[in-house]
Amino acid sequence: MALIAPSLLASNFLKLQEECTMLNESEADWFHLDVMDGRFVPNISFGLPVIEQITKTTEKLCDVHLMILEPEKYAEAFKEAGANMLTIHLEVCPHLHRNIEQIKSLGMQAGVALNPHTPIILLQDILQDIDMVLIMSVNPGFGGQKFIPHSLKKIAALRKMIDDAKLNVKIEVDGGISLQNAKQVINAGADVLVAGSSIFKSADPKETIRQLKQL
Ligand code: DX5
Ligand code: ZN
C-alpha cells in the first residue's frame, strides 16, 4: 500500500476550501503542493500566500514541490507557510548538500526531485542525507501529461540503490499517475504516489483516492 499525495494543482481554485475538506475527509495521506516560477519550468502556479491558507486547513503532511530556481531564498518562508516536507530539484542546486542542510535545520523533511532525464546515479552522495527522492514521470510544469514509461525502470533501480544502502529514503513518483498505471508504479518500488488530474477530474475524487489506496 502506497501513500497517496493528491496534487492540488488540478483542484478547483475557486473552491479551494471545499477541495481541502474533501481531501481531509478522504483517505489521502499527504497534500502535494506544486510551486512553479516560470523560469525553471515553463509555467507559473501558486505560491506562499495560497500555501499558507491551504496548510491551515489540514493536519495532513504538506508536501511542497518547488519547481523554482534558487530555492534556498525561500526555504524559510515555506516553513513559515506550513510546509512539512520541502522538495527541491537537483537540476537547480549546485550546492545541493547545503540546501538540504538548510531545509533540515528549519525542521522540515527534505526531498530531492529528478527530471525524467536526470540519472539516479547523481544521488549517490546525497542519498544518506535526505528523506525522499521525487522521480518526475513527466516533464515538470503541467498537470495532465502522459506518464513516461521509462520511469518504471528508474524507480526500480532507485529502489535497489536505497535498499542496498539500507537507507530509509522514500520514493515519490509524480506525473501522469492514474488507476490504470498506479499498480505498476507501486510494484516498481514507489512509496508515495502523487496524482492530480486522475483524482480531481474524476467523477468521485474521494472514491478514486480510496481505490488508489487499495492497490
Ligand atoms: C507537474 C507537477 C505534478 C502535477 C501532477 O509538474 O509536479 O505534481 O500536478 O499532475 P498529474 O497527476 O495530472 O500528472
Ligand atoms: Zn509535483
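Source: prediction; values computed, not measured. The basis for the numbers below is simple: all heavy atoms, side chains too, and nothing from hydrogens, waters or symmetry mates.
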- Please, which pairs that meet salt bridge (Lys or Arg N to Asp or Glu O under 4.0 Å) have at least one residue in residues 32-60, sequence neighbours excluded? none
- Side chains of Phe31 and Thr55: closer than 4.5 Å at any heavy-atom pair? no
- Message: With a sphere of 6.0 Å drawn around CD of Gln17, does it hold more than 12 non-hydrogen atoms of other residues, nucleotides or ligands?
- Response: no
- Query: Are the side chains of Leu3 and Leu193 in touch, meaning some heavy atoms are under 4.5 Å apart?
  - Reply: no
- Query: Taking all atoms of both residues into account, what is the closest heavy-atom pair of Val173 and Ala190, and its distance?
  - Reply: CG2-CB, 3.6 Å
- Item | Contact summary for Ala5 and Glu172, nearest pair of heavy atoms | CB-OE2, 4.1 Å
- Item | Atom NZ of Lys170: over 12 foreign heavy atoms under 6.0 Å | no
- So how far is it from Leu127 CG to Leu167 CG, rounded to the nearest 0.5 Å? 5.0 Å
- Steps toward side chain to side chain contact (heavy atoms under 4.5 Å, CB included) verdict (Glu27, Gln211): CA-CA 10 Å; Glu27 292 178 38; Gln211 290 180 17; over 6 Å; no
- Minimal non-hydrogen separation, Ala182 against Leu215, with atom names: CB-CD1, 3.4 Å
- Test item: Gln145 side-chain N/O and Asn139 main-chain N/O as donor-acceptor pair under 3.5 Å: yes
- Mark yes or no for whether Asn84, through its side chain, and Cys62, through its backbone, hold a donor-acceptor pair below 3.5 Å. yes
- Cluster question for you: counting only ILVMFWY and a side-chain heavy-atom cut-off of under 4.5 Å, with indirect links fine, are Val112 and Leu158 together? yes
- Message: Keeping Asp164 on the side-chain end and Met161 on the backbone end, is there a donor-acceptor pair under 3.5 Å?
- Response: no
- To the nearest 0.5 Å, how far apart are NE2 in His117 and NZ in Lys154? 8.0 Å
- Query: Are Ile4 and Leu61 grouped together when hydrophobic residues (ILVMFWY) are joined by side-chain heavy atoms under 4.5 angstrom apart?
  - Reply: no
- Determine, using the 4.5 Å side-chain heavy-atom cutoff (strictly less than), whether Ile51 and Val194 are members of one ILVMFWY cluster. no
- Message: Show, in sequence, the C-alpha distance, side-chain angles and deciding distance for Thr208 and Phe200, and conclude whether the side chain to side chain contact (heavy atoms under 4.5 Å, CB included) test is met.
- Response: CA-CA 9 Å; Thr208 304; Phe200 286 99; over 6 Å; no
- Task: Provide the closest heavy-atom pair for Leu8 versus Ser11 in the form atom of the first, atom of the second, distance.
- Result: O-OG, 2.7 Å
- Message: Is there a side-chain contact between Val133 and Ile135 in this structure, where contact means two heavy atoms from C-beta onward sitting under 4.5 Å apart?
- Response: yes
- Here the pair of heavy atoms bringing Glu19 nearest to Asn12 is OE2-N, 2.7 Å
- Query: Is there a donor-acceptor pair under 3.5 Å between the side chain of Ser45 and the backbone N or O of Met36?
  - Reply: yes
- Are Leu66 and Leu134 connected in a single hydrophobic cluster, I mean Ile/Leu/Val/Met/Phe/Trp/Tyr linked by side-chain heavy atoms less than 4.5 Å apart? no
- Pick out which of Asn115, Asn99, Leu114 makes a side-chain contact (heavy atoms from CB on, under 4.5 Å) with Leu90. Leu114
- Task: Specify whether Phe13 and Phe46 have parallel, tilted or perpendicular ring planes, treating 30° as the upper limit for parallel and 60° as the lower limit for perpendicular.
- Result: perpendicular
- Message: Among Val64, Ile68, Ile103, which residue satisfies the side-chain contact (heavy atoms from CB on, under 4.5 Å) criterion with Ile88?
- Response: Ile103
- Side-chain touch Ser197/Ser7, heavy atoms, less than 4.5 angstrom: no
- Task: Check whether any side-chain heavy atom of Val35 lies under 4.5 Å from a side-chain heavy atom of Met67, and answer yes or no.
- Result: no
- Message: Looking at Asp63 and His32, would you say the former's side chain and the latter's main chain have a donor-acceptor pair under 3.5 Å?
- Response: no
- Message: Taking Ala113's backbone N and O only, do any of them form a donor-acceptor pair with Thr87's side chain (distance below 3.5 Å, no angle check)?
- Response: no
- Note on the structure: So CG of Leu86 and CD1 of Ile100: to nearest 0.5 Å the spacing works out to 8.5 Å
- Task: State plainly whether the residues Lys213 and Asp29 are in salt-bridge range, i.e. N to O under 4.0 Å.
- Result: yes
- Exam field: side chain Lys104 to backbone Asp129, donor-acceptor pair closer than 3.5 Å: yes
- Does one hydrophobic cluster hold both Ile177 and Val192, with members joined at side-chain heavy-atom distances below 4.5 Å? no
- Task: Could you go through the side chain to side chain contact (heavy atoms under 4.5 Å, CB included) check for Val138 and Asp174 one step at a time?
- Result: CA-CA 7 Å; Val138 298; Asp174 185 2; 5.9 Å; no
- Is it the case that more than 12 heavy atoms not belonging to Phe147 sit under 6.0 Å from its CZ atom? yes
- Item | Ala110 backbone acceptor or donor facing Asp131 side chain under 3.5 Å | yes
- Where Gly189 and Ile171 come nearest, the two heavy atoms and their spacing: O-CD1, 3.7 Å
- Message: Measuring only between side-chain heavy atoms, which start at C-beta, is Met132 closer than 4.5 Å to Gln109?
- Response: no
- Answer yes or no: is there a side-chain heavy-atom contact under 4.5 Å between Pro205 and Ser26? no
- Kindly determine whether Ile199 and Ile209 satisfy side chain to side chain contact (heavy atoms under 4.5 Å, CB included), including the steps that lead there. CA-CA 7 Å; Ile199 289 176; Ile209 293 167; 3.7 Å; yes
- Item | Gap separating the CG atom of Leu106 from the CD atom of Glu80, nearest 0.5 angstrom | 9.0 Å
- For the pair Asp191 and Arg159, evaluate salt bridge (Lys or Arg N to Asp or Glu O under 4.0 Å) and give the outcome as yes or no after the intermediate values. CA-CA 10 Å; Asp191 302 295; Arg159 179 83 271 157; 3.0 Å; yes
- Query: Between the side chain of Thr57 and the main-chain N/O of Ile54, is any donor-acceptor distance below 3.5 Å?
  - Reply: yes
- Lys/Arg N to Asp/Glu carboxylate O, Glu70 vs Lys73, below 4.0 Å: yes
- From NZ (Lys206) to CE (Met22), nearest 0.5 Å: 8.0 Å
- Task: Report yes if the side chains of His65 and Met85 come closer than 4.5 Å at any heavy-atom pair, otherwise no.
- Result: no
- Note on the structure: OG1 (Thr118) and CD1 (Ile120) are apart, to the nearest 0.5 Å, by 11.5 Å
- Can Glu76 and Lys79 be said to form a salt bridge (Lys or Arg N to Asp or Glu O under 4.0 Å), step by step? CA-CA 5 Å; Glu76 200 171 339; Lys79 168 69 185 176; over 6 Å; no
